[in-house]
Each structure stands twice: as C-alpha cells, then as structure tokens.
Amino acid sequence: MINCKHYQWPEDHNNASYLQRPDPDLPICVERTVLVWLPLAFLWLCAPWGFTTLCKKPAKAQLSKLYICKQVVAGLLLLTAIAELALTLAEDYGPSSDSTAQKHPAALYTNPVLFAVSWVTYRSIYLINRVTYMELRSLKIDDLPRFCLFYISYGLECIFVKFTVSNSLQNPEAKATFLSRITFSWFNSMLIKGFKRPLVQEDMWDLNEKDSTQTICREFEDIMAKELKKAHSSLQKKQNKRKTKNDHQSGLAKGVSQDVLVMKKKKKKDSESDYPNSWLVRTIAKTFKGVLLETALYKLIQDLLAFASPQFLKLMISFTQDKTSHAWTGYLYAVLLLVVAFLQSVILQQYSHRCLILGMKVHVALMAAVYKKVHLLKESTAGEIVNLISADAQRFNEVTNFLHLLWSYPLQIALAIAFLWIELGPSVLAGVLVMVLMVPINGWLATKSRGFQVENMKFKDTRMKIVNDILNGIKVLKYYAWESSFEAQVQEIREKELKVMRKFAYLSSVSTFIFSCAPAIVSLVTFAVFVSVSPDNILDAEKAFTSISLFNILRLPLAMLPELISIMVQTTVSKKRLKKFLSGDDLDTMAVTRDDSAAVSMTDGTYAWERDTEPVLKNVSLDIKPGRLVAVVGAVGSGKTSLISALLGELHSLRGRINIKGSVAYVPQQAWIQNTTLKDNILFGSNLDEEHYLSVVDACALGPDLDLLPGRDQTEIGEKGINLSGGQKQRVSLARAVYSSADVYLLDDPLSAVDSHVGKHLFERVIGPKGLLKDKTRILVTHGISFLPYVDEIIVLVNGVVFEVGSYDGLRASKGAFSEFLETYGKDKSNNADDSPEDIVSSTLKRENSLRHSQRHSKRNGRKNSSVRFKKDSGDKKGQRLIEKEAMETGRVKFSVYLQYMRSMGWCFVTWSFLFYFIQNVAIIAHIRDMRIGVFGALGLAQGFLVFFGTILIADGSISASRTLHTNLLSNILKAPMVFFDTTPSGRIVNRFAKDIFTVDEMIPMSFRSWILCILGVLGTLFVICLATPIFTAVVVPMAVVYYFVQRFYVPTSRQLRRLDSVSRSPIYSHFGETISGLSVIRAYGHQQRFLKQNEDTIDQNLKSVYPWFVSNRWLAMRLECLGNLVVGLVGLSISYALSVTQILNWLVRMTSELETNIVAMERVREYAEIKNEAPWITSNRPPDDWPTTYQIPSKSSLTNCLFRIIEASEGRILIDGIDISTLGLHDLRSRLAIIPQDPVLFSGTLRMNLDPFEKSSDEEIWTVLELAHLKDYVRGLPTGLQHEVSEGGENLSVGQRQLLCLARALLRKSRILILDEATAAVDLETDDLIQNTIRTEFSHCTVLTIAHRLNTILDSSRVMVLDFGKIVEFDSPSVLLNNKQRHFYAMAKDAGIRGGETSTAKNMST
C-alpha cells in the first residue's frame, strides 16, 4: 500500500482497511498513480522498438478517408487530455479558486500530459476501475467535469480502435493490431468470404516473406550444408577407425573361422551406418531455433497456468466452508479463475499456431531439400520421391505439434505429483511407482512400433513405385491387356501394407488400454495408500476434489503418451529415410571439366552406370576439335548412349578425364517434353528472340505442325507430349537445343523417330555442314548411314570400346568392320534434283500429322462423353488448352461420403465400436459419482477394457475401409479410358494414391475415433454437471446453439481451404515427376536453378491455402475456448469436472471440423473411383479360343488405336474374321493381338516379369524368344539372368535393347495379328535387318501391320495403305503403287531411292 497521506485526497479518510470490508476498493491514490504509471512505463520502455521500425521505412501514409478519420479522432483525444489539464489548472489557480483551499495533487497535472501520448491503455484500465468504484458508491458522481471528459475520451478511443482494426485484404496479418493478432480477428474477412461463397485459389492472400519457400529454404540449406559436412567428417573417422580395427582383427585371426562369422554378423548392422547420422535434427533445430524457443516459452507458461485452476478451486472450496468470509472473496476467486482460463486459452492458441507454422516450414524445407537433392543424384525413382515428400516430410510436419510434449508431459506429471504430495503426502509415491513400472512397457511398445513402421514404409515405396510404372506405361498395359496382372501386383503389396498396419493398430490398442487404465490405477493406488496409512487421513471434499482435479491434469499426459510414442516412432523411421536420401552421394560435378584445351576430349575413360557394376565404356579416348561434326555408330548395346551420358557427367567415373569447352545442348534419344506450351518447350527458359525463334521453327520442320495445332505455338502440350507424335516430339526437342545456341551439341539419335524425308531435311537445315549448327561442335549418334558421308569424323563403338575412328572415306578404304557393314547395308540414296525438298517435307509432315489429327478428333469426341468434370478456362482459345484445372467439390461434404466410408468399414464394426465407447462413457460417469475406492478402481479398469475393445474394432473397420477404397480406386483407374490419362496430369492421380490414401489410412480413423469419444464425452460431462447443478441445464441449450452456429460459420471456409490444399498439391507431384523424367536434359542445359525456383513457386501456391487453414483452426479454438471459459465462470464451478467442459466442447467442435476436412480425401478418392470406364474387359460375346484364324481385317481405318479400341470408332466398324471387334470385351480383343510400340516401355521388376507378367510361359519358351530377339547372349551375361532387375522405366537398358525386349514380348504372345509401330526406329541397320528376318520367319503365318519411316522395311508387305489427313488415299500392293508415278507412295519411294522391282511378297500390310 502506497503512503498517500501527503496527497490528502478528500475520499481517503478511511484508508485504514480497504479489503477487510464487504465492499473492498483500492485507494484513489493507487488508482491514479500505480494503475496508470505501470502500464505507461511499459509502453514507454517499448517505444524505442517502435521508433526503430519507423526509422527503417519512411512513413508514407496515403491520404485516405481512414487515415483522415484516425488523425481527427487522435486530435480530439489530445484535446480531451488538454481539457482535463486545463480544468485542474482552473480549479487551483483560476479566478474562482480558493487560495486557502488545498491544491490538487501533482498526479492530476502529470496524468493528462501522459494521457496525451498514452491514452488508450490508461483509459481502458481506468474505465474498469472507475466504474467499479462508482458502483460501490451507489453511482454517486462527485466530479462531474472529469466524469464527462472521461466518457467523451473513451468513446473516441473506441472509434479509434475500430479504425485501427480495419485492415487491408492484401496482407491483413502484417498490419494487424496486437489485439487482432492474439484473437486472430484479422482472419475474419476470409471467413466471411468463405461463408458467403466457396473460396477459390484466387482468394488466397500472398504469403508473408518470412513464410515463403525461398526464405525458409535459404537458411535451412546453409545450415544443412555445414551440418552434413561435419557429419561426413565424423562418419569418415568412424569408418577409418572400424577399418583399422577390422584389419587388426583379421591379422590376429589368421584363418580362425569364428572371427569371420562374427564379421559377417556385424556386416549388415554396420551397413546401416554407411551414411552420415545425427545431422538432420540438428539442422532443423538450428534453422528454427527462434520459433522453437518461443513455442517452448508459451508451452511452459500454459502448463503453469493449468495448475493454477486447481489451486483456485481449492480456495473456492475453502471459501464455501468459511462462513466468515466476505462475498466479494468468492467473486474474486471466480474472476481470477476466469482470467486464468482466458490467459491459458490465449497462450495455448499462440503456442499451437506457432507449432503449426513451424511444422509447415519444416515440411517445406524438407520437400525443397528432397527436390534439390533429386537434381544431384544420377537417378531417382518417382515412387520413393513421392513417399519422401507425401509421408516422410509430412511426419515432421505433424511431430512439431507434439515436440514440446517430450518435456512438457514429464513436467506436468512432476508438477501434478508435487501438488498431490502437498495434498496427500508420501502416499502419492505409490502412484509414482505405478507410472515407473510402465516405462519398460513403453520401451517395448516403441521398439515393436518402430519395426512395423519401417516395414510399412518399404511397402508404401514399392506400391507407389508400381503405381508410377502403371501411369507411365498405361497405354502399353492396355495394348497388352496386362492391367489385371499389375493390379494384382499392387494389391499384393497393399495387402502386406495393410497387414502391417493392422499389427501397428493392435499394438496401439494395447498401448491405449494401458494408458486408459493408468490414471484410474494411479489414483486408486494413491487414495488406497493414503487412507490405509493412518486413521487420521480422511478424504474430505477439499482434498478429494483438488486431488481429482490434479489427477485429471495427469490423465492427459498419460493418455497421450501412446500417441506420442507412436508419432515419435513413425518420425524416427521417416528421419532415417530422409537422412539416407539427403546424405547420399551426389554426381561428381568435377567429372567433366570446362577448360579451353579442346571442344570435347576424353582421356582413357572407363565408366559404369553404377559404382559396383561392370563398365559400359572401357579405355575410351577422344579428341574432337571445335566446329566438327562427329558421328557415333555401333550396334544395339554397344555403348553409344553411354558415351553421350558420360560426356554429360551422368555415369560413374572409374578412370579417365573428360573436358568440354563451353555450354552444352542435349537431345536425348527419347524426347523429353514438358507440360507447357509448344513455344515454352522450345524457349526452355530463354528470352524470346523472334527472328531466331522463327528460323529455328522453320529449320526443324515445325511450320506444318503449327498450322495443324489449334493454338499454333501457344497450344498446350500434355504430359510426356501425349498430343504429339514421336516425330513431332523429337523435332521439338531438337528445336529446343538449336534455340539454346550452345557451344557443343550432343545428339542421341534424334533422326530415328522421323520420316526419311524429314530426317534429311533436319540434317541439311540443322545438323549438317550447311545447317544452322554448322559452326558448332556436334556429336551425333545415328543409325542412318546416308548421313555418314557428310560428317567430319566417325567413331565406331563395339561393346563399349572405340573400335575404329576416322573419316567416312578413310574407314571405307580401310576395309575393316565398318567397310563391310557399308557394303552390306549401304544403298544409293541419290535423289531427283528437280524435286523440291521443301515440298517433299511439307507433304510428308502433313501425312504424318493426318494420323495425329484423326486421333485428336476421336479423343475430343471421347472427352465429351467422359464423366470427368473439367472447369473451362474462358481465357483460352478453343482447343488450345489440353490440361484443364482440377475439378473441386464445393459446399458441404455430402453425407453420402460419410455413409460410404462407414459402409466400407462395415456396419458391424461401426455399431459395436460405438456401443463399447458408449458403455465406457457410462463407466466414466459412474466413476465420477462413486468415491468408494474399490468401485472407483474397478470402474477405471472397466473403462480401459472398453476403450481397448472399441479401438480394436475401429482399427479393423478402418483397415477394411482402406482396403475397399484403395481397391476401388485402383480398379477404376485401370479401367479408365486413355483420354482420361491424356488430359489428367499424373501428379493428380499420384496425389490420390499418396496423400489422399495416407489420409484415409491414418488420419480419418483417428479423427473418426476422436469424434465418437468427444461426442460421448460431451454428453456424459454435460449430464454429470446438470445432475450436480440443475441450473446449468438453462445454459446448455443456448450454449449448444452458439457452438453450432460458430462451427457452421467456420466449417465452409475450413473445408474449402482443405480442398484447395489438395488441389494445389497435385502440381507439386506433377512437377517432381516431370523433373525426374527429364533430369539429364535439365542438367545438360544447366537449368537446375530455374527448376528449383519453379518448385518453390509451386509449393508457395500450396502454402497459400495451407497457412489460412492453420489460422482458421486457431480462430475457431480461440472463440470456443473463450465461450467455454465464460460458461465455467458462470455456473461450472460446482464440481471439479466442470473445469474440463471447455476442453471437451472445443475438442468436439474441432474434431467435427477435422473429420469433415479429412473426409475431403475420401471425397477425392471417390471422385476418381467413379470415373466412367472404357468398354468392359470381358463380355458375354466371347471369341473362339483359336480366334483369329483367317487373320482378315477389313476396316475403314486400320489405325492402331482404333484396332485396340484405345479410341472407339465414331462410325463404321472393324471386323476380324468376320467378328465386329466392338462387340468383344477389351481383354478378349487385346490379348489376341500383339504390338511392338514406337516407345519401348518397360516396368520396374525382373526381365521375366516384363516378358510374362502372368507367368504362363516356361523359362525355355522365354529363352527361345530372347534368342529370336537377339538378346539371349546379353541376358545370359547378366549375373541374375532372367531375374535381372529392370529399373524404373528401363533406364538401365539402352533404348535399342528395350525395343528388342518388346519384340520378345510379341514373339512370346504367339498372336496371329502383329502391329509394328516404328518398331525398329531406335536400332541400327544390322539389328533392323535381323529383326525383319525374325518377323518374316516367326510371323510368316500372321497378319502383320507395319507403321514405318524406313520404306525399305515394308517393301515385302502384301499391301500398303497410304493415309492423308485420316483418309485412305492409296491401298494396294507395293509393286502396283510404285508403278503409279502420279501418286503419294511413288513420290515417297523415289525420294528414299527405292526403284520398282525391289519388292517381294509376304502376308502383311503397312501404313
């Protein structure tokens, strides 16, 4: 109490006792000094920070209406402070003042001056104090002028605060006031908008700079590099130490077998430490140390406040028992309890918000790190990458919410025990002993859980790897009717995954049972020991209720420990996987040097695809001068592509040195096309030079293509160039290289995919001595011998060794292997000089495009009938946009979605689990009401068993739902028509199988279980409170109404944000997949940084919906907790359990919201599980077993896609042996046909699986077809033979070898109809000749349809069909067509140097 005697306030004549009376108050001097000066001192102490901020940025306030209003109100407030000062001066020194009267104290002079600059804080505090003062004095107003000035000032202050809270929609958080920040009121505008109409991506606010991917990653990567360097150094020391120790042991052993056995046992264990350890957590901790410390402080304060409530409860019980206490004491305790609860809510929400943001940042940092690492690895599997970003990185996102619980729970337990010791004495040690005994159980559970989680992630990786294979090769699967085989493979892996998930769920149920019983057992043991130790120990109301409140606090840490253990175990597994990936060996950036010694040189180079495999290039030495054109030739598998890869630095260097002078452009054998416009594919990030661009387009023969494309060069190209032909893709890829104006060009057989006329045009206009690249250094891998006379040098490769090097004339004169090859396969390629090459090329391109034109027309027709919903972008020209925006539901999640999930679970599981949880809740009520120790303990154990059985049933039901939903999704995706895959980015489909299935597997069951427990918990708690305090019933109904409307107002925005999150995540997966498939191209052009920036932008688009969703959760929680706190403050103080009513009600609303947002994943899975299917695989109209027999195909169109019914004919029909194929099941049709497609697609798995996925053929039959396909020697030379593992996409085989494997597939199928779609485009002439001989002999009894660019390969066809713009313009035998000099075929043959009389007869047809 401040000594106020010298102030001589008139009201202070009873200063003796302000608290020891029914109407307590503070002295006026305290009100006008301490209560004013303390907050003002705080504001003035913080002022320098505010001034510093102002100094950093020049204040440029716009002269808006809001700004003017704020300035006017601020001026009026200043005037009120001046008026109060003037009033005091007038009363003391004015003409009417009494000179003998005592003057006003100094405070009345100093305070108005301070108010002039700090009025808001003072007036808010003064209002509360002054109103209380006047209420206690029967509203008697002694100082009318100051009373009026106060309320004028306060009214203006309220207006000013209102103006201040108003903020811009662009970045409301950045400009939000302190009050707005702690209550999340700045988010109101988005909630209102989301309530009025469904939100769209354009409604999302820009991210704060500190939350952007670029800002997050910059610091994370810097610290990661330092920590990795330390970890690598530490690992090296350990390995050296271990090596020294092992060498020493080996020296001592001298043949002792026991030591060898020990070494073998340790070998596997040691392999786990072959990568740096303990660096990832340190990196995260150092990067985000500020947020970690901040959240730790918030958590500590919140935990301490949680223990204040039982102490106030204890004081309230004492107050009710003390009849001499004044009534205001009880009100004070109630108000303090309310204040503590409010502060706890504010601190908790700030803590939760920062934890969620921390999790988001960690997730973003890890995703970006994984993407960056992909650019540094030789190759990565899409399945592994998808799991790393969708599951493993997500684990770190989730664990941040639980991170501080690792120390918070032990602290809470320790504090609870300490307070219980105060209440119950040493008896509490009995309860502590029970908790200690649970530690080894926790250890065992954690170890088992970790094992299950490791196994589960392996199955997830394998499953996603196969799913990616399916999506990449879906067209081939449909050609071969292999969908059911691959579906069975995925389902087999999925069953193993679900089996492990069930084990994990059962283990979690055991854990839940133990910790559900724990609070009851601990309290039972403690109370029993307390009562039995001494007859003086009596459990009175004060001890019992206070102890139960403390045990309730203890209940949460003990109940959450199983989940915490589970999450930490899962995160540990994910941490290990991420560490292993991120610390893996990078490509050697120094493998290719960049000095000016030579354009391209390789010295004694020996290279392998993998570090521990046989080299594919041996002792290769090259020295290529600037500006020279060098051709690389050789048979399939001779190492041509390996040489190009070595020059790009893509192979492991075993010995040797490579140098390249200047920049590099690379054209791969299989063109890599991005999902963007054709123009952007050519520019590839370079600035537009219109003149250069047009010359490149013309030289690469893309002019006629642009005329046919609906949006010309602005036409969107689908994923992997699905709306372009093979030739068009290769020309776009070549145009990209030419436009880049690089110094060195590495061209890996770019001419094999185009027609001979177009190939000649590209050579003459682009690659050859007179082309656009004539002054550049060019290394051309080619199978076309017609180009070899015009190159400067030829390199002949045989089995990875340079066999011959020299000029064309020199090698021909040497009479070596190359000379013999030319004698065998060389032909006179002279052309008629009178023919216009440009006319020939244009007509050829038009014929090539006519086929694509008819296919696109059919696909558009198919798309109209598709059930996939697309959102039309009105800003695009008709036909210009191929990939539409992803469809997204709006409004509430349909109830049918919930019903479908419960049906998938099984009504039996749902009903029985609900029944068990209901009975458990009844046991809780009885547990609360019955204080007899025996009954108390029995009911506690009963709760544990009931929760255990309920959790087991929920686990079984959720596993059943996961199985059903994944099966339906997979089955329907495989039955979707090709138009769906052509117009849907693979990232969207992968998103369903990765993130959405993950949510269905893990998040929805958890939300569903929590929701059931919450709804029953709320009902039970409300029932108990109403039973103890009937007046509470009057509050229940309005409270429930308010909660309902708050939830209804919140859920539309939260749900739509969740949908936007899912939709905006698909491009991340698509971008990852696209990058992985084009890594060698991206690295060759040096565009890694551009793609990293694109990845950051894609992630930022996702964060724009993720961040508001986090805030929306905190907005809801803040309001619900404040509402609940008011309820507790009013009527919930009668019993101790009322303290938990707020938490339970909040959890109910939040679990309802979480369930609805998580069920969006189920909604998305259902969307793709209900896509309209293609025709049935099998129908009642089954063809005979030996069909077809006569091999006759009369049709209006013999296009491959129509024959396989990839595209359904819009009119007309196709007959095979008199049977209309449209009446057959797709599998009955496709399984009787064989095709060797233009793009040789292989799948992850063994060579045997790639040939015979149904395992119908014997090994002998497979070796026979491999011999016919000229692969037997190669496969026999592999260590594992037929069990050799093919990497994703067949990347560990050359394109030619892949094409030969496709030939082996066709041979093994023994079909009577064979379609060859540019089957020999990627092989050399010698292999081409061998393949043609194989086809002539092995398919002599078959109908063969050939689509070819090399006309000499189809001259022995029985008939040739010539197409022009989708129409048949010629159809006859080659000899007849060659004699008609006015027609298309004659012109093509003449240009190819083919004369009449070169034909033979066979039973096949060509297009």
Side-chain angles (χ1 to χ4, degrees), residues 431 434-435 437-449 451-453 498-525 551-552 554-567 569-570 902 905-928 934-962 1001-1002 1004-1017 1019-1020 1144 1147 1151:
V434 173
M435 286 188 284
L437 292 175
M438 292 180 182
V439 172
I441 300 175
N442 288 344
W444 181 82
L445 289 171
T447 304
K448 293 294 290 182
S449 297
F452 290 146
Q453 193 61 27
L498 292 175
K499 188 176 179 181
V500 176
M501 282 172 56
R502 176 178 276 108
K503 291 178 182 177
F504 188 83
Y506 284 178
L507 201 67
S508 298
S509 299
V510 173
S511 181
T512 302
F513 163 70
I514 292 169
F515 288 98
S516 295
C517 296
I521 295 172
V522 170
S523 55
L524 170 65
V525 171
F551 278 126
N552 281 343
L554 200 60
R555 178 187 294 270
L556 182 63
L558 291 177
M560 287 293 292
L561 275 175
E563 186 175 355
L564 183 60
I565 291 169
S566 171
I567 289 169
V569 164
Q570 292 169 348
M902 287 189 282
M905 288 181 70
W907 289 110
C908 179
F909 287 121
V910 174
T911 306
W912 278 102
S913 59
F914 185 86
L915 185 62
F916 275 116
Y917 284 138
F918 179 79
I919 298 171
Q920 180 251 350
N921 207 60
V922 172
I924 289 177
I925 296 171
H927 190 217
I928 294 169
V935 178
F936 184 86
L939 289 170
L941 288 171
Q943 288 176 56
F945 279 106
L946 290 165
V947 167
F948 171 72
F949 290 125
T951 307
I952 286 285
L953 290 168
I954 286 281
D956 280 334
S958 61
I959 295 293
S960 174
S962 294
D1001 286 349
E1002 300 192 19
I1004 292 180
M1006 192 184 302
S1007 299
F1008 186 66
R1009 174 176 170 269
S1010 298
W1011 183 82
I1012 292 176
L1013 288 171
C1014 280
I1015 191 72
L1016 292 174
L1019 293 174
I1144 297 173
W1147 271 109
M1151 282 302 105

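Scope of the values below: all heavy atoms of this structure, side chains included, with no hydrogens, waters or symmetry mates.
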Please tabulate, for side-chain N and O atoms in residues 905-914, each donor-acceptor pair with protein atoms closer than 3.5 Å (sequence neighbours left out).
from, atom 1, to, atom 2, distance (Å)
Thr911, OG1, Trp907, O, 2.7
Ser913, OG, Phe909, O, 2.8
Ser913, OG, Val910, O, 2.9

If you measure from [atom1] on [X] to [atom2] on [Y], what distance do you get to the nearest 0.5 Å?
X	Y	atom1	atom2	value
Thr951	Leu946	OG1	CG	10.5 Å
Gln453	Lys448	CD	NZ	14.0 Å
Ser1007	Ile1012	OG	CD1	11.5 Å
Ser509	Arg502	OG	CZ	11.5 Å

Handout entry: From Phe945, Tyr506, Phe916, Phe949, residue fulfilling ring pair (Phe, Tyr, Trp, His ring centres under 6.0 Å) relative to Phe513
Key =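 Considering Phe945, Tyr506, Phe916, Phe949, a ring pair (Phe, Tyr, Trp, His ring centres under 6.0 Å) with Phe513 is found only for Phe945.
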Handout entry: Shortest non-hydrogen contact between Ile959 and Leu498, atoms and distance
Key =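 Closest approach of Ile959 to Leu498: CD1-O, 4.0 Å.
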Practice task
Specify the closest pair of heavy atoms between Leu1016 and Phe918, including all atoms of both residues, with the distance to one decimal.
Solution key: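 What the structure gives for the nearest pair is CD1-N, 3.6 Å.
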Practice task
Begin with the C-alpha distance, continue with both residues' side-chain angles, and end with the deciding distance and a verdict on side chain to side chain contact (heavy atoms under 4.5 Å, CB included) for Ile954 and Tyr917.
Solution key: CA-CA 11 Å; Ile954 286 281; Tyr917 284 138; 4.0 Å; yes
